[in-house]
Amino acid sequence: MAVSPEDYGFDRDVVVIGGCGHVGLPLAIAFADRGARVSIYDVSEAAVASVNEARLPFDEPGAAPVLERVVADGRLRASADPAVVGAAEHVIVVIGTPVDEHLNPNQTAIPRALGGCAPYLRDGQLLVLRSTVFPGVTALVEKMIASLGVRIDVAFCPERIAEGKAMTELFELPQIVSARSPRGLEKAAKLFSLLTDSIVELTPEEAELAKLFTNVWRYIKFAAANQFYMMANDRGLDFERIRKGLTQDYPRAADMPAAGFAAGPCLFKDTMQLAAFNNNNFALGHTAMTINEGLPLYVVHRLEQKYDLSTMTVGILGMAFKGESDDIRSSLSYKLKRILEFKADKVLCADPYVTVDPNLLPQDEVIARSNLLVVATPHPQYRGLVLDKPAADIWNVLGAGVRV
Ligand SMILES: NC(=O)c1ccc[n+]([C@@H]2O[C@H](COP(=O)([O-])OP(=O)(O)OC[C@H]3O[C@@H](n4cnc5c(N)ncnc54)[C@H](O)[C@@H]3O)[C@@H](O)[C@H]2O)c1
């Protein structure tokens, strides 16, 4: 007779490895909020302490009150001790999977992180990979688990939330679940049914590509809009007026995004992961990268044609990688800053959300001391800002057009 999970004597329902991160923490909070007993294992002792004090280590709208509730009633607790992995029936891995400085993915990041937890992996657990992985990593982990001799099912269930929307999207988006064994698939579907009724079953290989295709599709769309922007702008035309005009009551083009810095910890690196997976034969992906990463260079080049930057103080408004976020990881605002520091007399930066950069100045001071401003992040606080100096605003947050 099959042994039921209870017979393995698990104290916790879920443990999230990397659970103090941007994706892991909202997920842990969401499961706890739906009644699961959740542990977090994370190597960051500072983040673990913060979570146990019911303080978010970063901003995530809607998460703070739920975190307080689930920590207070003991449904969520964090630890820097990998032994907590042994106490949970479902082990979810959500550690970061960046590409390196040469754009190579690291296929062993997850197996290595799991290696540290290997002594605590136990019969009857379900191991869920939730990070975005290089295709084939699920199969690699399956092999690793088999070599440990433990009876554990492996599933790959990718995270598809956007930062800042986790606390609604975790309950609203369909959850893709995949596993090689029918038992693993059933367990994964049951686990994610705690969050939503909408479960999509794929094979692990399909699910790995589904996640990468999702992000890369978005990155390519942003690149198309950014290229259109540069074409129009070079001809003295306002891309946003053109985009508004062509999308009005025209559903076939409704998904054309506005131009803007397409950055952050996911889209770029996932495009590079997919390119590496396809032996670097990915013209669309590489071109998208060149266009999106080239936009700050283009903006500065245009400004240089109009102004003698070497005599000017340039102020950058917005350092986070996207609006209403405090996350500066892979933000193109910092690339813009580096380029401007080389060209301009001085560069001053401000951001109403970012708390981790000691070089930022108050917004009023940046505006007062600058001769020229660049809106680099579309924070809503900038809407309606009245400036008495020129500003480059590819996002059109100031409402005066996007021409640079
Ligand atoms: N950020 C997003 O919006 C987003 C959305 C969907 C998917 N993803 C994917 O989710 C994964 C995690 O991304 P993130 O933004 O949450 O990263 P993150 O850096 O914010 O979080 C990762 C966490 O893992 C911890 N960690 C690292 N190595 C560990 C180890 N060996 N053992 C235990 N803990 C460890 C870190 O301390 C950190 O708290 C990535 O694969 C990413 O591509 C991210």
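What you see below is based on every heavy atom in this structure, not just the backbone, and it leaves out hydrogens, waters and symmetry mates. Numbering of ligands and ligand atoms starts at 1, following listing order. It should be emphasised that the depicted structure is a prediction, and the values quoted were computed from it without experimental measurement.
For ligand 1, the 4.0 Å heavy-atom shell contains residues Ile17, Gly18, Cys20, Gly21, His22, Val23, Tyr41, Asp42, Val43, Ser44, Val94, Ile95, Gly96, Thr97, Ala113, Ser131, Thr132, Glu159, Ile161, Glu163, Lys211, Cys266, Lys269, Arg329.
Annotation: side-chain hydrogen bond (donor to acceptor under 3.5 Å, both in side chains) contacts of Arg34 (sequence neighbours excluded): none.
Taking the centre of each ring, Tyr382 and His379 come in below the 6.0 Å mark.
Counting only distance, with no hydrogens or angles, the side chain of Asn292 and the backbone of Tyr219 share a donor-acceptor pair below 3.5 Å.
Using a 4.5 Å heavy-atom cutoff, the side chains of Phe31 and Leu191 are in contact.
A salt bridge does not link Lys165 with Glu324: none of the charged nitrogens is closer than 4.0 Å to a carboxylate oxygen. For the pair Arg37 and Asp13, the salt-bridge criterion is met [side-chain N within less than 4.0 Å of a carboxylate O].
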